[in-house]
Amino acid sequence: MNIKFYNTLTRQKENFNPIKSGEVSIYTCGPTVYDRSHIGNFRTFLFEDILKRILQLVGYKVKHVMNITDVDDKTIKKANDESKTLAEITSKYTAEFMEDLAMLKILPADEFPVATNHIQEMIVMISTLIKNGNAYTTDNGSVFFSIESYKDYGKLAQLDLKGLKQTERVSSDEYTKDHPQDFALWKAWKEEDGDVSWDSPWGKGRPGWHMECSVMSTQYLGNHFDIHCGGVDNIFPHHENEIAQSCAALNTQFVNIWMHSEHLIMADEKMSKSLGNIKTIPELLADGHSNESLRFALISSHYRSKLAFSNNKLEDAKKSVHRINELYHKLQKIADAGNTMPDEFDQFIEILVDDLNTPKALGVLFNYVRKLNRKIDNDKLSKKEASIGLNFLNKADIILSILKKQDDIPENIVQLVTQRESARKEKNWKLSDDLREELKKKGWIVEDLPDGTKCYPL
RNA sequence: GGCGUCGUACCCAAGUGGUCUAAGGGAGCAGUUUGCAAAACUGUCAUUCAUCGGUUCGAAUCCGAUCGACGCCUCCA
């Protein structure tokens with residue numbers, strides 16, 4: 001099988017060959033736990049989920065590590081603002097993050113290392129960088145990486161250092177640095193850091209942002225691993241700096257393939273009535289969107305394209321998900337056992353392993369859906385064909401995870417439905433219609449299908 | 001100022017030199033089905049790919065210009 005991924009480092013699709021045969025090591029940049037992650041963040045996490053599921057489905061053993069950033073400017077600020085300890089803030093938002101991952105059916109990483117548990121290892125790496133002449137200390141006790149000491153600096157982001165604009169942020173930086181673009185490995189303690197600090201050879205302080213990923217990725221996956229993912233905004237400075245640190249300190253090839261997902265953009269004004277323009281997973285679920293719809297909406301465009309998120313998109317996704325589920329339920333009624341796969345399944349996988357072309361793969365799936373529906377309509381679908389179809393949908397769903405499990409219908413609703421059924425048998429249409437209304441008021445839709453009544457939440 | 005991305009039907013979205021008179025989903029329209037309603041299913045729906053030039057036997061796909069949208073340039077997935 002020809003697996004290809006687009007590598008940000010080379011800006012082209014490359015054949016994927018893992019370092020260790022049969023195994024894939026993946027490091028994905030996780031959340032900074034200072035607030036609830038929003039749907040945009042989850043676009044990236046879902047892209048990584050799809051990547052992982054595909055690799056697993058085609059037979060790889062995947063080792064996946066996702067970091068949790070639990071100390072930085074924002075987490076400290078939040079703790080200060082709310083007069084809480086850093087740990088109180090970060091544990092709260094870490095827990096919420098885990099909940100949201102589960103709600104979106106995103107498979108958990110094998111490890112979720114947190115920055116504050118790896119401070120000593122970071123100090124070791126910083127010391128190495130100083131020893132190697134790649135970093136220097138300043139009077140106030142900070143440590144900076146000297147980008148001029150690392151010849152490949154700017155390679156990932158394709159930055160020409162000479163062309164860099166002196167931005168306000170850089171020029172207003174209070175630290176004294178040799179080169180404006182030098183970045184912090186260790187930040188000396190400041191007043192507003194409160195009691196957040198660790199001892200180091202350079203005095204009290206805390207690590208710079210990029211250190212944790214350099215340290216934790218290599219600690220859990222080895223100095224050289226297969227894939228490193230994140231959002232496009234991480235390309236620079238985060239991943240660029242990470243490469244500089246890791247390669248300079250460990251003299252390693254570090255990462256073979258860098259994969260980045262594009263941003264999700266809020267397009268529909270209605271969704272952003274308040275400032276901030278963001279939606280969290282619980283908010284979207286409360287708005288009546290299912291986790292399957294959310295998953296579908298996020299994978300219905302390619303991960304390297306910007307995705308304009310809107311209510312309309314979610315409504316479209318809901319209908320698409322419904323269409324697939326409709327066929328699935330029909331097939332379940334017809335199928336008998338068997339584990340044969342249709343040719344379309346091979347196509348489906350081939351398209352997905354070509355840089356995760358989820359929209360195109362969905363096209364194949366829907367063509368298949370129509371094909372089977374046509375046969376069902378003509379009463380020409382054999383039990384065997386139905387089971388083949390069912391196998392395809394089940395297998396595809398190992399990646400997509402958009403098939404709905406049987407909804408748990410509450411007892412009182414079941415009673416009303418049963419009552420309505422008997423009313424219909426007696427052709428008591430008035431009572432039947434009243435009961436349908438009543439169910440609707442309670443948030444349940446009943447449909448009379450040729451082979452029975454179906455009931456599902458509004 | 002530097003680097004880079006994108007512009008495909010009413011909406012979403014694949015396709016990146018010939019099989020494209022452009023996949024798929026949604027909406028619309030027509031039909032089948034139905035106690036009613038709804039749903040479901042089927043069919044239909046871009047001679048055209050922002051605009052203008054060029055390269056080529058051949059371009060949505062390559063090159064140039066123009067217009068438009070956007071991202072990054074130190075802590076944002």
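Chain letters run A, B, ... following the sequence lines, proteins first and then strands; every chain starts at 1.
- Contact annotation for A:Asp182: base contact, defined as any heavy-atom pair under 4.0 Å involving a base atom.
- A salt bridge is defined here as a Lys NZ or Arg NE, NH1 or NH2 lying under 4.0 Å from an Asp or Glu carboxylate O, and A:Glu326 with A:Arg323 fails to meet this definition.
- Mapping A:Ala157 and A:Ser305 onto RNA chain B by nearest heavy atom places A:Ala157 closer to the 5' end of the strand.
- Ion pairing of A:Arg420 with A:Asp448 is present here, as a side-chain N (NZ or NE/NH1/NH2) and a carboxylate O approach within less than 4.0 Å.
- Ring stacking is absent between A:Phe366 and B:rG24, as the pair misses the limits of under 5.5 Å between centres and under 30 degrees between planes.
- Each of A:Phe183, A:Phe145, A:Tyr150 was scored for a side-chain contact (heavy atoms from CB on, under 4.5 Å) with A:Asn241, with one residue passing: A:Phe183.
- In this structure, A:His210 reaches neither bases nor backbone, as no heavy-atom distance under 4.0 Å exists between it and the strands shown.
- In terms of position on RNA chain B, the residue among A:Glu447 and A:Lys13 whose nearest nucleotide sits closer to the 5' end is A:Lys13.
- Between A:Gln12 atom CD and B:rU5 atom C1' there is a gap of 17 Å when expressed in whole angstrom units.
- A salt bridge links A:Asp354 to A:Lys13: one of the charged nitrogens lies within less than 4.0 Å of a carboxylate oxygen.
- Closest to the side chain of A:His38, from the set B:rA77, B:rG24, B:rA38, is B:rA77.
- A:Arg424 comes within contact range of at least one nucleobase, with a heavy-atom separation under 4.0 Å.
- A salt bridge links A:Lys92 to A:Glu96: one of the charged nitrogens lies within less than 4.0 Å of a carboxylate oxygen.
- Side chain to side chain, A:Ser146 and A:Asp182 fail the donor-acceptor criterion of an N or O pair below 3.5 Å.
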Nucleotides 16-18 of chain B: which of its N/O atoms have a protein N/O under 3.5 Å away?
none

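- At least one side-chain nitrogen or oxygen of A:Arg323 sits closer than 4.0 Å to the OP1 or OP2 atom of B:rC41.
- At least one side-chain nitrogen or oxygen of A:His322 sits closer than 4.0 Å to the OP1 or OP2 atom of B:rA40.
- At whole-Å resolution of the value, CG in A:Asn325 and C1' in B:rC41 are 16 Å apart.
- Put simply, the residue from A:Arg43, A:Lys105, A:Arg295 that forms a salt bridge (charged side-chain N to carboxylate O under 4.0 Å, His left out) with A:Asp49 is A:Arg295.
- Across all strands, A:Arg36 comes closer than 4.0 Å to no nucleic acid atom at all (heavy-atom distances).
- Below the 3.5 angstrom threshold, one finds a donor paired with an acceptor across the side chain of A:Ser432 and the base of B:rG35.
- Take A:Ser382 and apply the side-chain hydrogen bond (donor to acceptor under 3.5 Å, both in side chains) test, not counting sequence neighbours, and it matches A:Glu385.
- With B:rG35, B:rA14, B:rA77 as the choices, the nucleotide that has an atom nearest any side-chain atom of A:His302 turns out to be B:rA14.
- Residue contacts for A:Lys319: at a heavy-atom cut-off of 4.0 Å it reaches the sugar-phosphate backbone alone, with no base atom in range.
- Heavy atoms of A:Ser301 sit under 4.0 angstrom from primed sugar atoms or phosphate atoms, though from no base atom.
- With respect to A:Asp73 and A:Arg206, a salt bridge is recorded, a charged nitrogen being found less than 4.0 Å from a carboxylate O.
- Between the CG atom of A:Asn234 and the C1' atom of B:rA77 there is a distance of 6 Å, rounded to whole Å.
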Practice problem: Decide side chain to side chain contact (heavy atoms under 4.5 Å, CB included) for A:Phe97 and A:Phe42; before the verdict, give the C-alpha distance in whole Å, the side-chain angles of both, and the deciding distance to 0.1 Å. | Solution: CA-CA 10 Å; A:Phe97 175 69; A:Phe42 283 101; 3.9 Å; yes
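- Between the base of B:rG25 and the side chain of A:Asp316 there is a donor-acceptor pair shorter than 3.5 Å.
- Evaluation of atom-type donor-acceptor distances gives a pair under 3.5 Å for the side chain of A:Arg436 against the base of B:rA37.
- When the nucleotides B:rA39, B:rG35, B:rG71 are ranked by their closest atom to the side chain of A:Lys306, B:rG71 comes out on top.
- Within the structure, a side-chain polar atom (N or O) of A:Asn367 is placed less than 4.0 Å from OP1 or OP2 of B:rG24.
- Base contact: A:Asp233 has a heavy atom under 4.0 Å from a base atom.
- Remark: A:Asp433 engages A:Arg436 in a salt bridge, criterion side-chain N to carboxylate O under 4.0 Å.
- Within the 4.0 angstrom heavy-atom criterion, only backbone atoms of the sugar-phosphate kind lie near A:Gly230; the bases stay farther away.
- B:rA60 and B:rU16 are spaced 8 Å apart, taking the C1' atom of each and rounding to whole Å.
- For A:Asn312, no side-chain nitrogen or oxygen approaches OP1 or OP2 of B:rC10 to under 4.0 Å.
- Donor-acceptor pairing under 3.5 Å, judged by distance alone, is present between the side chain of A:Asp433 and the base of B:rG35.
- Ion pairing between a basic and an acidic side chain is recognised when a charged N comes within 4.0 Å of a carboxylate O; A:Lys77 and A:Glu192 show no such pairing.
- Distance, A:Leu352 CG to B:rA14 P: 13 Å, rounded to whole Å.
- Pairs of Watson-Crick or G-U wobble type, with distances under 3.5 Å, assemble into runs of 3 or more in RNA chain B at these ranges: B:1-7 with B:67-73, B:10-12 with B:24-26, B:28-32 with B:40-44, B:50-54 with B:62-66.
- The distance between atom CG of A:Asn241 and atom C1' of B:rC72, rounded to the nearest whole Å, is 14 Å.
- At least one side-chain nitrogen or oxygen of A:Arg370 sits closer than 4.0 Å to the OP1 or OP2 atom of B:rG24.
- As judged by a 4.0 angstrom heavy-atom cut-off over every strand, A:Leu365 is placed among residues making no nucleic acid contact.
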